[in-house]
Amino acid sequence: MIAQISSPIRALILLFAVIGSLYIFHPYAPSRASFSFTNRPPNNATATEIPQSAPPAKAPHNASPTATKLSADSTPEIAENHISGDIVDDPDEGGPRVRQATMIYETERFNAIYERSIDTHIKHGEQWGVPTHILRHDIVEAGFFNKPAYILGLIIEEMAKPYGKRAGWIVWFDADTIILNPAVPWTLFLPPSDFNDIHLLATKDFNGFNAGMAIFRVHEWSVQMLSETLALRQLRPDAHFEHYDQGALWWVMEREGYAEHVIYQPHDWWNAFGLAREPYDTDAFTLHFAGVDCCGQPESKGTVMGRWLDIVENRPQEYAVELEKTKLPKQVEDYWALLKKAKKTMMDVDSAGDNSRDLQIAKSELWMYYSRRADNATEVSMGMKKVEGIMAQVASKSGKDGQPSSHPAEETLKDAVIEKNAVDKAKEKAQAKQEGESAKKEERPAKNEEKPAKKQEASTKKEAVEANEKAAQAQKEAASARKEPAPPAKNNR
């Protein structure tokens, strides 16, 4: 039958047969038809990630929406941010907003107790949808420098993922920390959208920056900062950094280009120092037992941590307070509100165009409080009030001199000062007039009261004379009474 078909038609039939077989039997056809970034299996499991069980369920109120693709008509700003990686913490990200990491190995003395403490973080992560990564072997032959190396690796791994699958932050915690109140989420402490330039949340102790717990943004800034920290071992081999990696991190963080992207939060929020004895009177989220077994203290770190872990494991209700019943939400809200105001105050100085020495010095002091002492609200407020006071003096002076201002903000301040001065003068004039009228009213009755005063004085003298006469008469009567004999006593018998 096929032989009876003309050659051109036979060729077409064979061509369609070949194309159909390729489509039907090609091994990658089904996978290509069903594969997409939004429905592929979660790629959270790594060789060091814990737990290895089913992926943890996210808390209902903290669930991330499904990933969205950038459309062709996306705004240039969104497209630019997408390319630069500045929206890695965008709400549309499909991955967990936070990942946490730690390391534990070659600690035979505390291995058992550290495993228990890490377990508190793992359970907390399961509750809030936060994967936990644990390093259990050396990456570099540099002891504690494995910490920045591991964090750097995790950040690079996240940044290598496509948009919509990356985490926004990496929370580092040392193995000698425990979660005391699992009702507090890590996302509570993250900066709001007004602070997209903040890439590292840190805390301080009496030695300065404490690297036991820190929160790194998944961002190119973190890659550069951590890379430079690791490179110090080769670039500055003779340099001595106290506390090893902590000292090296701090040295890099203080440099220009890094310091302006670091902000310090009160250590009591999420890096509170562990105590040897309970109760703990604050709304502590975590406890950090660094240095507990040093300085001649009677108990070892393992003993102290064991006592607290017994509480967390056996009596969790003692410190597991509902988030709404703690002071943390209000404190965090006030913290960012104060920093937002301080940031605006510094921007107002720049826009005002005033280069007076006092104002620039005050602004520099405020910047120092903002970037290095944000954990101290009193100092930030003090620096902000100093800047505002100098700006008010400048504005007041401009208003009195009547000199035109070159900036709308200065014009507004000038008008406000002039209006205030006019109101003050009107008040002073009205008050002076009122006081004058009151004085006149007081003088008039004083003249009219002279006659009544004289009458009263004469009346007083008259009464005194009459009193003297009555007293003399009484003396006479008393004398007469003495001369008369007393009457005889009656005999009652």
Side-chain angles (χ1 to χ4, degrees), residues 44-57 96 98-140 142-151 153-154 170-186 210-215 244-246 270-278 280 284-294 297 299-320:
N44 292 340
T46 66
T48 57
E49 185 172 333
I50 299 295
Q52 296 179 357
S53 57
V98 174
R99 286 179 175 268
Q100 57 187 10
T102 189
M103 65 181 187
I104 173 175
Y105 56 92
E106 297 180 0
T107 55
E108 296 180 359
R109 182 183 177 191
F110 299 123
N111 260 357
I113 207 72
Y114 283 172
E115 291 289 353
R116 291 173 63 190
S117 64
I118 290 175
D119 191 57
T120 66
H121 291 272
I122 294 173
K123 290 179 179 178
H124 176 256
E126 290 175 343
Q127 177 179 342
W128 292 101
V130 176
T132 303
H133 301 264
I134 304 176
L135 177 65
R136 296 184 178 275
H137 56 82
D138 278 331
I139 297 176
V140 295
F144 289 102
F145 274 86
N146 282 280
K147 179 192 296 185
Y150 190 42
I151 299 172
L154 292 174
I170 302 294
V171 175
W172 177 267
F173 64 91
D174 279 355
D176 60 347
T177 63
I178 65 174
I179 297 291
L180 192 61
N181 185 4
V184 181
W186 282 114
N210 184 282
M213 301 192 80
I215 308 177
Y244 310 103
D245 62 300
Q246 178 171 287
W270 46 269
N271 194 13
F273 304 134
L275 301 179
R277 299 289 179 186
E278 58 169 322
Y280 203 82
F285 168 36
T286 67
L287 288 182
H288 187 188
F289 296 88
V292 169
D293 57 348
C294 73
Q297 295 190 17
E299 294 182 304
S300 70
K301 179 184 293 189
T303 303
V304 176
M305 289 184 64
R307 183 162 53 247
W308 280 98
L309 286 167
D310 288 341
I311 297 174
V312 173
E313 294 168 353
N314 303 319
R315 308 192 307 273
Q317 68 279 1
E318 294 188 18
Y319 291 96

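Sequence positions, counted from 1, serve as the residue numbers for this chain.
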### Message
Test side chain to side chain contact (heavy atoms under 4.5 Å, CB included) on Ile179 and Val312; report intermediate values, then the result.
### Response
CA-CA 8 Å; Ile179 297 291; Val312 173; over 6 Å; no
### Message
Between Asp310 and Arg116, is the side chain to side chain contact (heavy atoms under 4.5 Å, CB included) condition met? List the steps.
### Response
CA-CA 10 Å; Asp310 288 341; Arg116 291 173 63 190; 3.0 Å; yes
### Task
Kindly determine whether Asp176 and His288 satisfy side chain to side chain contact (heavy atoms under 4.5 Å, CB included), including the steps that lead there.
CA-CA 6 Å; Asp176 60 347; His288 187 188; 3.2 Å; yes
### Query
Where do Ile170 and Gln100 land on the side chain to side chain contact (heavy atoms under 4.5 Å, CB included) test, with the steps shown first?
CA-CA 5 Å; Ile170 302 294; Gln100 57 187 10; over 6 Å; no
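For the pair Trp186 (side chain) and Gly125 (backbone), a donor-acceptor distance under 3.5 Å is absent. Side-chain atoms of His124 never come within 3.5 Å of backbone atoms of Val130 as a donor-acceptor pair (strictly under, hydrogens ignored). Without hydrogens or angle criteria, Asn146 side chain to Ile139 main chain gives a donor-acceptor distance under 3.5 Å. When atom types are taken as modelled, the side chain of Glu299 and the backbone of Val304 share no donor-acceptor pair closer than 3.5 angstrom.
Contact between Phe289 and Lys301 at its shortest, heavy atoms only, is O-CE, 3.2 Å. Nearest heavy atoms, Asn210 versus Gly212: OD1-N, 2.9 Å. Counting all heavy atoms, side chain and backbone alike, Arg99 lies closest to Pro131 at NH1-CB, 3.4 Å. For Ala272 against Thr286, the heavy-atom pair with the smallest separation is CB-O, 3.5 Å. Taking both residues in full, the closest heavy atoms of Ala211 and Trp172 are given as O-CD1, 3.8 Å, listed atom of the first, atom of the second, then distance.
Residues Lys147 and Asp174 form a side-chain contact, since some pair of their non-hydrogen atoms from C-beta on lies under 4.5 Å apart. At least one side-chain heavy atom of Leu154 sits less than 4.5 Å from a side-chain heavy atom of His133.
Here the two rings, on Trp270 and Phe173, have centers that are 6.0 Å apart or farther.
For the atom pair Leu309 CG and Leu180 CG, the distance stands at 10.0 Å (nearest 0.5 Å). To the nearest 0.5 Å, atom NE2 of residue His137 and atom OH of residue Tyr150 are 8.0 Å apart. For the atom pair Glu115 CD and Thr120 OG1, the distance stands at 11.5 Å (nearest 0.5 Å). Distance check, rounded to the nearest 0.5 Å: OG of Ser117 to CD1 of Ile104 gives 6.5 Å. Expressed to the nearest 0.5 Å, how far CZ of Phe285 lies from CG of Asn181 amounts to 8.0 Å. To the nearest 0.5 Å, atoms CG (Leu287) and CE (Met213) are separated by 10.0 Å.
Considering only residues two or more places apart in sequence or on other chains, Thr177 meets the side-chain hydrogen bond (donor to acceptor under 3.5 Å, both in side chains) condition with His121. Remark: Asp119 pairs with Lys123 by the side-chain hydrogen bond (donor to acceptor under 3.5 Å, both in side chains) rule, at least two apart or across chains.
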